[in-house]
Amino acid sequence: MGYEEFCARFKARMLAMAGPTFDDGGSIADYADATAPTYFETYWQREEDPEGCADADMSYWGEE
């Protein structure tokens with residue numbers, strides 16, 4: 001899978017699971033656009049599907 005598809009699927013997963021904004025009003029789409037490339041650039045994370053990477057990232061949300 002190429003970069004564009006990986007990032008699009010990562011972003012789509014976040015938006016489907018969490019909606020358009022964080023509790024503070026920040027854009028989840030903007031966050032996903034900035035975060036997806038970091039997962040793609042790391043070989044072992046890229047080998048996992050983008051939805052799994054998005055789920056892993058979201059699992060930390062809300063932790064202080």
Side-chain angles (χ1 to χ4, degrees):
M1 163 182 341
Y3 174 83
E4 295 295 328
E5 181 182 355
F6 183 95
C7 292
R9 286 175 52 184
F10 182 96
K11 181 178 180 177
R13 177 65 169 194
M14 284 193 164
L15 292 172
M17 298 303 293
T21 58
F22 291 104
D23 291 340
D24 67 1
S27 170
I28 290 176
D30 290 347
Y31 176 84
D33 287 339
T35 306
T38 66
Y39 282 91
F40 186 82
E41 291 166 3
T42 305
Y43 176 77
W44 64 269
Q45 290 177 319
R46 183 179 350 135
E47 289 301 304
E48 186 172 335
D49 63 59
E51 293 81 9
C53 290
D55 289 346
D57 191 85
M58 289 185 292
S59 73
Y60 295 102
W61 294 3
E63 292 184 5
E64 298 293 323

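The model shown is predicted, which means the values in this text are computed figures rather than measured ones. When reading the values below, keep in mind they use all heavy atoms of this one structure, side chains included, and skip hydrogens, waters and symmetry mates.
- Taking the six-membered ring for Trp, Tyr31 and Phe22 have ring centres closer than 6.0 Å.
- Taking each heavy atom of Ile28 and Ala18 in turn, the nearest pair found is CD1-CB, 3.6 Å.
- Between Gln45 and Thr38, the closest side-chain pair of non-hydrogen atoms is not below 4.5 Å.
- Between Pro50 and Phe10, the shortest heavy-atom distance links the atoms O-CD1, 3.6 Å.
- To the nearest 0.5 angstrom, Met1 atom CE is 9.5 Å from Glu47 atom CD.
- Distance CE/Met17 to CZ/Arg13: 4.5 Å, rounded to 0.5 Å.
- The OG1 atom of Thr35 sits 11.0 Å away from atom CE of Met58, with the distance rounded to the nearest 0.5 Å.
- Distance CZ/Phe6 to NZ/Lys11: 14.5 Å, rounded to 0.5 Å.
- Taking each heavy atom of Met14 and Trp61 in turn, the nearest pair found is CE-CZ2, 3.7 Å.
- Closest approach of Glu41 to Arg46, counting heavy atoms only: O-NH2, 4.1 Å.
- The two residues Cys7 and Pro37 have their closest heavy-atom pair at SG-N, 4.1 Å.
- In this structure, Phe40 is not a member of the same hydrophobic cluster as Tyr43, with clusters built from ILVMFWY side-chain heavy atoms closer than 4.5 Å.
- Cluster membership check: Tyr39 does not share its hydrophobic cluster with Trp44, using side-chain heavy-atom separations under 4.5 Å among Ile, Leu, Val, Met, Phe, Trp and Tyr.
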